[in-house]
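Just so it is clear: chains get the letters A, B, ... in the order the sequence lines come, proteins before strands, and each one is counted from 1.
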Protein chains: 2
Amino acid sequence: MATMTAAEKKAEAKTQYNAFLAACPSQQVLARVSGKWVTLVMSALGSGPDCTGEPRPMRYSELARVLAGVSPKMLSQTLKSLERDGLVTRTVVATVPVTVSYELTDLGLSLHGTVRQLKLWSEAHRDDVAAHQDRFDARTIPA
Amino acid sequence: MATMTAAEKKAEAKTQYNAFLAACPSQQVLARVSGKWVTLVMSALGSGPDCTGEPRPMRYSELARVLAGVSPKMLSQTLKSLERDGLVTRTVVATVPVTVSYELTDLGLSLHGTVRQLKLWSEAHRDDVAAHQDRFDARTIPA
DNA sequence: CAGTATCCACTTAGATACTG
DNA sequence: CAGTATCTAAGTGGATACTG
């Protein structure tokens with residue numbers, strides 16, 4: 001039906017693009033890393049509670065304390081996805097009550113290192129960005 | 001009122017944490033970069049339509065064509081936020097009808113380079129991650 | 001051409017309460 | 001201690017129609 005051709009072509013183009021999007025490596029990492037808590041969990045695990053130390057394993061409750069404000073749901077969800085991706089290990093010690101500790105894998109550590117690069121960029125350019133924002137807002141809002 | 005103390009302490013801790021979160025540089029870049037279209041726009045502008053060329057300016061409609069499936073709303077919104085952050089420039093040429101072109105700034109180019117690192121990590125480790133996911137799912141789902 | 005305006009759908013995160 | 005279950009709020013992206 002010729003009447004559908006335009007819409008069909010559009011839909012098809014979009015499907016193809018979504019496929020490309022889904023396959024795009026940078027999109028995948030970005031999606032993984034951009035969850036609200038994932039970088040914070042990885043930071044805690046990768047640099048200690050104060051983000052300035054050595055990588056070390058931490059327990060669930062310790063993470064919950066360090067990441068003040070995280071709900072059990074989000075912490076659990078975040079840790080599970082990181083475990084699924086092979087970025088952290090989950091170790092259960094059969095004490096009573098049970099003890100669970102989480103630790104970055106080598107893979108997780110390497111991603112942490114890469115994300116650190118982004119962080120360094122941010123620290124290096126945050127003033128730049130803020131200045132641009134101010135100028136932009138000054139030009140657009142007051143009108 | 002003593003009955004509110006626990007809730008108050010919790011709220012305060014959360015406020016403090018949100019402040020930390022807001023101040024955390026890596027969170028800021030992540031938030032900026034993780035919009036669905038921002039890396040795609042930056043890629044198009046930074047590597048040409050096929051992601052393998054040189055940085056060059058592109059027009060609104062050209063971006064809309066290359067990023068098949070993007071709505072005018074999202075493209076406009078994405079470009080505006082990138083412009084606000086000083087990552088792209090918006091140039092209006094007073095032809096008729098009007099012509100607008102967008103181009104990465106040096107700042108935008110440098111962020112593009114940093115994000116490229118993430119992309120390289122992803123390409124290097126995607127099989128690793130997929131393998132972990134498969135093993136994880138195999139262990140958890142079939143139970 | 002280069003957007004803006006409006007309305008809707010979906011995903012994501014948080015609060016809260018309960019369990020092995 | 002280490003979570004799970006449920007419900008709700010909020011933010012984010014999409015479809016569509018219209019404008020300077």
K.L.:
Starting at CZ of B/R65 and ending at P of C/dG3, how long is that distance when rounded to a whole Å?
P.N.:
15 Å

K.L.:
Could you work out, with salt bridge (charged side-chain N to carboxylate O under 4.0 Å, His left out) as the rule, every residue matching A/R65, not counting sequence neighbours?
P.N.:
none

K.L.:
Just the table, please: protein N/O against nucleotides 9-13 of chain C N/O, every pair under 3.5 Å.
P.N.:
residue, atom, partner, partner atom, Å
C/dA13, OP1, A/K36, N, 3.2

K.L.:
So, does A/R90 get its side chain near the phosphate of D/dG3, meaning an N or O under 4.0 Å from OP1 or OP2?
P.N.:
yes

K.L.:
Go through the structure and list residues passing side chain to side chain contact (heavy atoms under 4.5 Å, CB included) with B/S34, not counting sequence neighbours.
P.N.:
A/S34

K.L.:
Specify the separation, in whole Å, of atom CG of B/L82 and atom P of C/dG3.
P.N.:
13 Å

K.L.:
Listed in order of residue number, which residues of residues 56-64 of chain A have a non-hydrogen atom at under 4.0 Å from DNA chain C?
P.N.:
none

K.L.:
Determine: side-chain N/O of A/K80 to OP1/OP2 of D/dT4, distance under 4.0 Å, yes or no.
P.N.:
yes

K.L.:
Can you list every pair that meets salt bridge (Lys or Arg N to Asp or Glu O under 4.0 Å) and has a residue in residues 72-83 of chain B, with sequence neighbours left out?
P.N.:
none

K.L.:
Run the ring pair (Phe, Tyr, Trp, His ring centres under 6.0 Å) test against B/H112 and tell me which residues pass, sequence neighbours left out.
P.N.:
none

K.L.:
Tell me, what's DNA chain D's dot-bracket, Watson-Crick or G-U with both distances under 3.5 Å, | for other-strand, [ ] crossing?
P.N.:
||||||||||||||||||||

K.L.:
Sequence neighbours left out, what passes side chain to side chain contact (heavy atoms under 4.5 Å, CB included) with B/V100? Give chain and number order.
P.N.:
B/R90, B/V92, B/V98, B/Y102

K.L.:
Please list, chain by chain and in numerical order, all residues satisfying salt bridge (charged side-chain N to carboxylate O under 4.0 Å, His left out) with A/E123, sequence neighbours excluded.
P.N.:
none

K.L.:
If I take atom CG in residue B/L75 and atom C1' in nucleotide C/dC1, what distance separates them, rounded to the nearest angstrom?
P.N.:
13 Å

K.L.:
Counting N and O atoms only, with roles assigned by atom type, does the side chain of A/T78 sit under 3.5 Å from a partner on the main chain of A/W37, one being a donor and the other an acceptor?
P.N.:
no

K.L.:
If we only count heavy atoms from C-beta on, is the A/P55 to A/L109 side-chain gap below 4.5 Å?
P.N.:
yes

K.L.:
Restricting to side chain to side chain donor-acceptor pair (under 3.5 Å), what partner residues turn up for B/R32, sequence neighbours left out?
P.N.:
B/D85

K.L.:
A/S76 side chain N/O closer than 4.0 Å to the phosphate oxygens (OP1, OP2) of D/dT4?
P.N.:
yes

K.L.:
When you match A/S71 and A/P97 each to their closest nucleotide on DNA chain C, which lands nearer the 5' end?
P.N.:
A/S71

K.L.:
So what does B/T95 hit on the nucleic acid, given a heavy-atom distance under 4.0 Å: a base, only sugar-phosphate, or nothing?
P.N.:
nothing

K.L.:
With sequence neighbours excluded, tell me which residues meet salt bridge (charged side-chain N to carboxylate O under 4.0 Å, His left out) with A/E103.
P.N.:
none

K.L.:
For A/S122, enumerate each residue passing the side chain to side chain contact (heavy atoms under 4.5 Å, CB included) test, keeping only those at least two apart in sequence or located in another chain.
P.N.:
B/P25, B/V29

